[in-house]
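What follows is a single structure, written as structure tokens, with notes after it.
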Amino acid sequence: MPDQITITRPDDWHLHLRDGAALAAVLPHSARQFARAIVMPNLRPPVVSVEQALAYRQRIVDALPAGPRFEPLMTLYLTDTTSPAEMKRARDAGILAIKLYPAGATTHSDAGVTDLKRVGGVLEAAEREGIALLVHGEVTDPEVDVFDREAVFIERHLIGLRRSFPGLKIVLEHITTKDGAQYVAEGGEKTGATITAHHLLYNRNALFRGGIRPHWYCLPILKRELHRVALVKAATSGSGRFFLGTDSAPHAAALKENACGCAGCYTAFHALELYAEAFDAAGALDRLEAFASVDGAAFYGLPRNAGTLTLEKRTWTVPETLPFGDGELRPLGGGQQLSWAIAAPTDAERSRP
Ligand code: DOR
Ligand code: ZN
């Protein structure tokens, strides 16, 4: 077993960076590991126009620490009133994707889509302009059990959406079930999926280990072990259509340790190390590079990154807390040991553009 692996510098295809002081606190963690990230638009107010996305992009660039280059890839938040004409403007501005949040499905999704029928014109324009559709794939129907919402979304909405827009690139974000993995595996070359590190490492027992564990609460929620196993199988399968997306979603600790705690796991701090842990446990470290650094770029039609990142086998302890503006942030699994660590970049790596 190798005690060191070097991979092409990876990308995070699903990331929440927030804004202001929160952005300044978390951005260095992603920039240390990833060359690019697709930045989610669920700010308050949401990023609904090209102008807002470009202004947000500039705030991210302005907050970047010195160090290796990091490129934020911007997205727009799809609403019932998004204009189809915005898709051409988005393409011209280098915006990669639009994000579909079913209204009420998750954090800051209240401005999301209430009925897919309302956005047919926009999706047609996105298909035409080569803008990808990123999907939070959960129904919001309160009658549907929270653990079934992904599978029901596929059945009720995704199958029809796929059929109506065959040329549209669709990414089913942060898949959490064997149903999601199977749908994507059989979905053809324009359908992809991101998988988080936490859904590869944990099942829903983690939410209740010795008491209620708010830092393991995210949406879509952790599922049964059989689903976790299916996700590991998909991520390590060698299929090019499953790729890395942390869904790292920072919330101040006080807002998670709360009577109505926010959804979101903070994993950007130790993302690559968490993925390495999951791939190592599956005996598939040799597949990590494709998942983290190759397949996502290929799906989006972007070049592979220059530069490398090295992980070494070395035990270290995840910090319990990190600074987060006026509050603090608890990285997932704080206080626990991990067996892979990012090695300091060599001078040659550091000087690469
Ligand atoms: O757990 C989640 N947190 N899921 C999402 O879809 C949104 C995210 C957030 O923005 O906090
Ligand atoms: Zn997300």
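Every value quoted in this text rests on a predicted model; they were computed, and no experiment measured them. Start at 1 and go down the list; that is how both ligands and their atoms are numbered.
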What atoms of ligand 1 come within less than 4.0 Å of a heavy atom belonging to [X]?
{"X": "Cys218", "value": "1 (O)"}
{"X": "Ala249", "value": "3 (N), 8 (C), 9 (C), 11 (O)"}
{"X": "His136", "value": "6 (O)"}

Cationic tip of Arg36 above Phe70 ring, under 6.0 Å, 45° of axis: no
Distance from atom 5 (C) of ligand 1 to nearest protein heavy atom, with residue and atom: Thr106 OG1, 2.9 Å
Atom 3 (N) of ligand 1 - nearest protein heavy atom and its distance: Ala263 O, 3.0 Å
With a 3.5 Å cut-off and no angle check, do the side chains of [X] and [Y] form a donor-acceptor pair?
{"X": "His251", "Y": "Tyr266", "value": "no"}
{"X": "Gln4", "Y": "Thr310", "value": "no"}
{"X": "Glu289", "Y": "Thr8", "value": "yes"}

Heavy atom of Arg18, distance to ligand 1 below 4.0 Å: yes
Non-hydrogen atom of His251 closer than 4.0 Å to ligand 1: yes
Rounded distance (nearest 0.5 Å) linking atom CG of Asp280 with atom NZ of Lys313: 4.5 Å
Straight-line distance of Thr246 OG1 to Asp12 CG, nearest 0.5 Å: 3.5 Å
Ligand 1 contact on Met40 by region, counting heavy-atom pairs under 4.0 Å: neither
His108 contact mode with ligand 1 (heavy-atom cut-off under 4.0 Å): neither
Shortest heavy-atom approach to atom 2 (C) of ligand 1 - which of Ile221, Leu219, Asn42: Leu219
Close aromatic pair by centroid cut-off 6.0 Å: His136 and His174: yes
Same apolar cluster: Tyr217 and Ile175, side chain cutoff 4.5 Å: yes
Partner residues of Ile212 under the side-chain contact (heavy atoms from CB on, under 4.5 Å) criterion, sequence neighbours left out: Phe208
Partners passing salt bridge (Lys or Arg N to Asp or Glu O under 4.0 Å) against Asp92 (at least two apart in sequence or in another chain): Lys88
Nonpolar side-chain network containing Val48, other nodes, edges under 4.5 Å: Trp13, Ile38, Met40, Leu73, Tyr77, Leu96, Tyr101, Leu134, Val171, Phe243, Phe299, Tyr300, Leu302
Sphere of radius 2.8 Å around the Zn ion (ligand 2) - protein N, O or S atoms inside: His14 NE2, His16 NE2, Asp247 OD1
